[in-house]
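Heavy atoms only: backbone and side chains are in, while hydrogens, waters and symmetry mates are out.
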Amino acid sequence: MNKVAVIMGSNSDMPVMQDAIDILKEFKIEIEVDIVSAHRTPEKLFDFSKNAHKRGIKVIIAGAGGAAHLPGMVASLSPLPIIGVPVKSSNSIDGWDSVLSILQMPGGVPVATVALNGAKNAGILATQIIGASDPAVLDQVIAYKEGLKLKVEQAAKDIK
């Protein structure tokens with residue numbers, strides 16, 4: 001079973017995180033979606049992080065804005081790969097606070113970090129991580145990348 005958890009600190013992050021959900025659905029990866037606030041529901045964060053692997057989760061995508069502690073806190077508690085999505089939120093300092101909060105993790109607590117509002121890439125990266133040990137998913141990733149190449153080649157023909 002290949003399952004990815006997509007979590008966010010607030011419902012206001014959903015418009016960004018929807019891109020991860022959509023691409024995971026395109027790859028037919030099972031998804032668990034939840035709101036887990038590092039600051040408002042710390043007990044839920046602890047339970048989720050310590051037990052996600054026991055529920056068959058393979059990768060966790062965590063989106064957060066502002067102080068953006070969610071991905072790092074999950075990474076501190078979970079043995080799974082964590083992909084952080086910095087979200088430019090309404091209380092953000094142009095998104096840099098979120099980027100730096102997720103990017104600047106201490107040694108021993110890695111969080112793979114994608115671009116600001118880069119949830120689509122987080123979904124693709126999660127799929128690639130799963131594909132490293134699942135040949136069927138790897139074949140889907142290869143086909144997806146070939147499709148990207150074909151789109152660029154077609155666009156190049158169209159402008160001539």
Side-chain angles (χ1 to χ4, degrees), residues 1-132 137 140-141 144-145 147-148 151:
M1 171 177 59
N2 295 315
K3 190 190 302 187
V4 173
V6 177
I7 61 172
M8 61 209 82
S10 167
N11 192 44
S12 64
D13 299 329
M14 183 56 106
V16 170
M17 299 308 291
Q18 188 64 50
D19 288 342
I21 295 164
D22 292 344
I23 196 75
L24 290 164
K25 285 180 180 177
E26 186 176 323
F27 283 111
K28 297 175 179 54
I29 302 291
E30 189 176 345
I31 310 159
E32 177 182 301
V33 180
D34 204 352
I35 296 172
V36 181
S37 173
H39 302 112
R40 294 174 293 251
T41 60
E43 295 87 358
K44 182 177 182 178
L45 177 140
F46 273 61
D47 181 62
F48 171 85
S49 302
K50 288 184 173 187
N51 295 303
H53 67 286
K54 296 175 187 174
R55 293 192 317 279
I57 302 291
K58 302 292 187 208
V59 180
I60 299 170
I61 299 172
H69 291 124
L70 180 62
M73 287 301 299
V74 172
S76 75
L77 297 162
S78 178
L80 297 173
I82 311 302
I83 303 169
V85 178
V87 175
K88 184 177 179 183
S89 59
S90 61
N91 65 339
S92 182
I93 305 169
D94 208 27
W96 280 108
D97 47 350
S98 306
V99 170
L100 294 173
S101 292
I102 296 172
L103 187 67
Q104 292 296 107
M105 292 302 298
V109 189
V111 173
T113 309
V114 296
L116 184 65
N117 292 345
K120 181 177 183 177
N121 274 352
I124 294 167
L125 181 56
T127 303
Q128 290 174 310
I129 291 168
I130 291 170
V137 174
Q140 289 182 60
V141 172
Y144 177 80
K145 291 197 172 225
L148 294 176
K151 285 179 185 175

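Side chain of Ser78 to backbone of Val74: no donor-acceptor contact under 3.5 angstrom is found. With Ser101 contributing its side chain and Ala67 its backbone, the two residues share a donor-acceptor pair below 3.5 Å. For Thr113 (side chain) and Gly84 (main-chain N/O), no donor-acceptor pair under 3.5 Å exists by modelled atom type.
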**Message:** Applying side chain to side chain contact (heavy atoms under 4.5 Å, CB included) to Ile21 and Met14, what does each step give before you reach the verdict?
**Reply:** CA-CA 10 Å; Ile21 295 164; Met14 183 56 106; 3.9 Å; yes

**Prompt:** What do the steps show when you test Ile83 against Ile60 for side chain to side chain contact (heavy atoms under 4.5 Å, CB included), and what is the final call?
**Reply:** CA-CA 6 Å; Ile83 303 169; Ile60 299 170; over 6 Å; no

**Prompt:** Between Ile130 and Phe27, does a side chain to side chain contact (heavy atoms under 4.5 Å, CB included) hold up when you go through it step by step?
**Reply:** CA-CA 11 Å; Ile130 291 170; Phe27 283 111; over 6 Å; no

**Item:** Pair Arg55-Phe48, side chain to side chain contact (heavy atoms under 4.5 Å, CB included): steps then yes or no
**Value:** CA-CA 10 Å; Arg55 293 192 317 279; Phe48 171 85; 3.4 Å; yes

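Taking CD1 from Ile7 and NZ from Lys44, the interatomic distance works out to 9.0 Å, rounded to the nearest 0.5 Å. Between Met105 atom CE and Ser76 atom OG the span is 7.0 Å, to the nearest 0.5 Å. Atom CG of residue Leu103 and atom CG of residue Leu116 lie 12.0 Å apart, to the nearest 0.5 angstrom. A distance of 5.0 Å separates NZ in Lys3 from CD in Glu32, rounded to the nearest 0.5 Å. Here Ile129 contributes atom CD1 and Lys58 contributes atom NZ; the two are 13.0 Å apart, rounded to the nearest 0.5 Å. We find the CG-CG distance between Asn121 and Asp19 to be 10.0 Å, quoted to the nearest 0.5 Å.
Residues Arg40 and Ser10 meet the side-chain proximity criterion, which asks for heavy atoms closer than 4.5 Å. Contact annotation: the side chain of Gln128 approaches that of Lys145 to within less than 4.5 Å [non-hydrogen atoms, C-beta and beyond]. Counting only heavy atoms from C-beta outward, the side chains of Tyr144 and Ile23 approach each other to under 4.5 Å.
The two residues Ile82 and Pro71 come nearest to each other via the heavy atoms CG2-O, 3.8 Å. The two residues Val85 and Ala119 make their nearest non-hydrogen contact at CG1-N, 3.9 Å. Heavy-atom minimum distance, Val59 versus Ala126: CG1-CB, 3.8 Å. Listed here is the closest heavy atom pair of Pro79 and Ser49: CD-O, 4.5 Å. Between Leu125 and Ala112 the shortest heavy-atom distance is CD2-CB, 4.1 Å. In terms of heavy atoms, Lys88 sits closest to Asp94 at NZ-OD1, 2.9 Å.
With sequence neighbours left out, Lys120 forms a salt bridge (Lys or Arg N to Asp or Glu O under 4.0 Å) with no residue at all.
By the neighbour-count criterion of 12 heavy atoms within 6.0 Å, atom CZ of Phe46 is sparsely surrounded, having that number or fewer from other residues, nucleotides or ligands.
Here the rule is side-chain contact (heavy atoms from CB on, under 4.5 Å) with Ile35, and of Asn11, Asp13, Leu70 only Asn11 fits it.
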